[in-house]
Amino acid sequence: MNKEAVLAELHALREQVVGVRDSAVASVDGMLVVSDTDKVRPDALAALAAAALGLGKSTSNEVGMGELREVVTRCQSGHIVVYAIQDHSLLVVLGDEGLDIARLHLRSRPAISRLAEILG
């Protein structure tokens with residue numbers, strides 16, 4: 001796995017989408033792969049994002065709505081978005097109040113495909 005390539009994808013999201021503050025890639029069991037964070041503890045972010053993704057997957061399975069794509073949490077001062085990368089990894093993006101959610105979803109889909117290839 002090429003950690004520099006993963007980090008380049010995270011940097012590209014920050015540059016392409018207004019409001020992206022922090023991001024990380026982790027395994028579905030919460031182990032950090034790489035992060036682009038300033039003020040957030042990356043290990044804690046990876047673990048909590050994995051928990052959110054797991055809950056989202058369980059919920060989508062229970063209600064029969066198909067494969068989970070993302071979990072979006074809106075907070076008082078921003079957003080937390082967790083994307084599934086195949087069955088083994090995740091991308092978590094933190095955004096401020098001005099996060100362009102539509103653009104994030106648009107830009108993240110091809111990034112997730114590239115990350116899946118990089119992560120193997």
Side-chain angles (χ1 to χ4, degrees):
M1 182 212 21
N2 184 343
K3 288 190 178 189
E4 291 79 24
V6 174
L7 193 56
E9 290 292 337
L10 299 182
H11 288 163
L13 274 179
R14 188 186 288 244
E15 292 171 6
Q16 296 171 355
V17 181
V18 172
V20 171
R21 226 182 50 203
D22 300 284
S23 58
V25 172
S27 64
V28 293
D29 61 356
M31 299 302 296
L32 181 66
V33 174
V34 69
S35 67
D36 178 25
T37 62
D38 292 329
K39 298 179 181 176
V40 177
R41 293 180 302 146
D43 291 328
L45 179 62
L48 293 168
L53 184 70
L55 181 60
K57 283 183 176 183
S58 295
T59 303
S60 68
N61 287 338
E62 182 64 31
V63 299
M65 295 187 77
E67 187 177 348
L68 179 73
R69 291 188 180 174
E70 71 256 350
V71 175
V72 179
T73 305
R74 186 169 181 210
C75 305
Q76 182 177 357
S77 61
H79 298 80
I80 304 160
V81 186
V82 183
Y83 295 97
I85 303 174
Q86 296 182 329
D87 290 333
H88 54 76
S89 301
L90 64 87
L91 165 65
V92 57
V93 178
L94 304 182
D96 60 24
E97 292 177 17
L99 178 65
D100 186 341
I101 288 276
R103 186 165 179 84
L104 176 62
H105 290 327
L106 181 68
R107 294 293 183 185
S108 66
R109 284 180 175 69
I112 289 166
S113 294
R114 289 188 299 269
L115 286 167
E117 288 179 27
I118 295 166
L119 296 169

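If you're wondering where the values come from, they're calculated on a predicted model, not measured in any experiment.
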Q: When rounded to the nearest 0.5 angstrom, what distance separates CG in Leu48 from OG1 in Thr73?
A: 11.0 Å
Q: Do Asn2 and Val6 have side-chain heavy atoms sitting under 4.5 Å apart?
A: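 No - every pair of side-chain heavy atoms lies 4.5 Å or more apart.
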Q: Restricting to ring pair (Phe, Tyr, Trp, His ring centres under 6.0 Å), what partner residues turn up for His105, sequence neighbours left out?
A: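 His105 satisfies ring pair (Phe, Tyr, Trp, His ring centres under 6.0 Å) with Tyr83 once adjacent residues are dropped.
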Q: Would you please name every residue forming a side chain to side chain donor-acceptor pair (under 3.5 Å) with Ser89, sequence neighbours left out?
A: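 Per chain and number, Ser89 pairs via side chain to side chain donor-acceptor pair (under 3.5 Å) with no residue.
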Q: Please round to the nearest 0.5 Å and tell me the distance separating atom CD of Glu117 and atom CD of Glu9.
A: 9.5 Å
Q: Answer yes if Ile101 and Leu91 sit in the same cluster of Ile, Leu, Val, Met, Phe, Trp and Tyr residues linked by side chain heavy atoms under 4.5 Å apart, and no otherwise.
A: yes
Q: Could you list all the salt bridge (Lys or Arg N to Asp or Glu O under 4.0 Å) pairs where at least one residue sits in residues 32-42, not counting sequence neighbours?
A: Arg14-Asp36, Arg14-Asp38
Q: Regarding Arg109 and Glu70, does a basic nitrogen lie under 4.0 Å from an acidic carboxylate oxygen?
A: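 Counted as a salt bridge, because a side-chain N and a carboxylate O are separated by less than 4.0 Å.
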Q: State, to 0.1 Å, how close Leu32 and Pro42 come at their nearest heavy-atom pair, and which atoms those are.
A: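 For Leu32 versus Pro42, the nearest heavy atoms are CD2-CB, 3.5 Å.
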Q: Under 4.5 Å between side-chain heavy atoms, counting indirect links through other Ile/Leu/Val/Met/Phe/Trp/Tyr residues: same cluster for Leu104 and Leu90 or not?
A: no
Q: Would you name the heavy atoms of His79 and Glu97 that are closest together and state the gap between them?
A: CE1-O, 4.5 Å
Q: I need the minimum non-hydrogen distance between Gly98 and Asp96, along with the two atoms involved.
A: N-OD1, 2.9 Å
Q: Check Val17 against Asp100 and note the closest heavy-atom contact, atom names and distance.
A: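 Heavy-atom minimum between the residues: CG1-O, 3.7 Å.
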Q: So, for Ala46 and Ala26, which heavy atoms are closest and what is the spacing to 0.1 Å?
A: CB-CB, 3.6 Å
Q: Looking at every non-hydrogen atom in both residues, tell me the closest pair between Leu53 and Val71 and how far apart they are.
A: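 Scanning both residues completely, I find the closest heavy atoms to be CA-CG2, 4.4 Å.
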Q: How many angstroms lie between CD1 in Ile118 and OG in Ser113, if you round to the nearest 0.5 Å?
A: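 Reported value, rounded in 0.5 Å steps: 11.0 Å.
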Q: Say whether Leu68 and Ile80 are linked into one hydrophobic cluster, either directly or through other cluster members, by side-chain heavy-atom distances under 4.5 angstrom.
A: yes
Q: Does one hydrophobic cluster hold both Val93 and Val33, with members joined at side-chain heavy-atom distances below 4.5 Å?
A: yes
Q: Between CG of Asp22 and OG of Ser35, what distance do you get to the nearest 0.5 Å?
A: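 Those atoms lie 8.5 Å apart.
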Q: Spell out, yes or no, whether Ile112 and Leu119 are grouped together once hydrophobic residues are joined by side-chain heavy atoms under 4.5 Å, including indirect joins.
A: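 Yes, Ile112 connects to Leu119 through the hydrophobic network.
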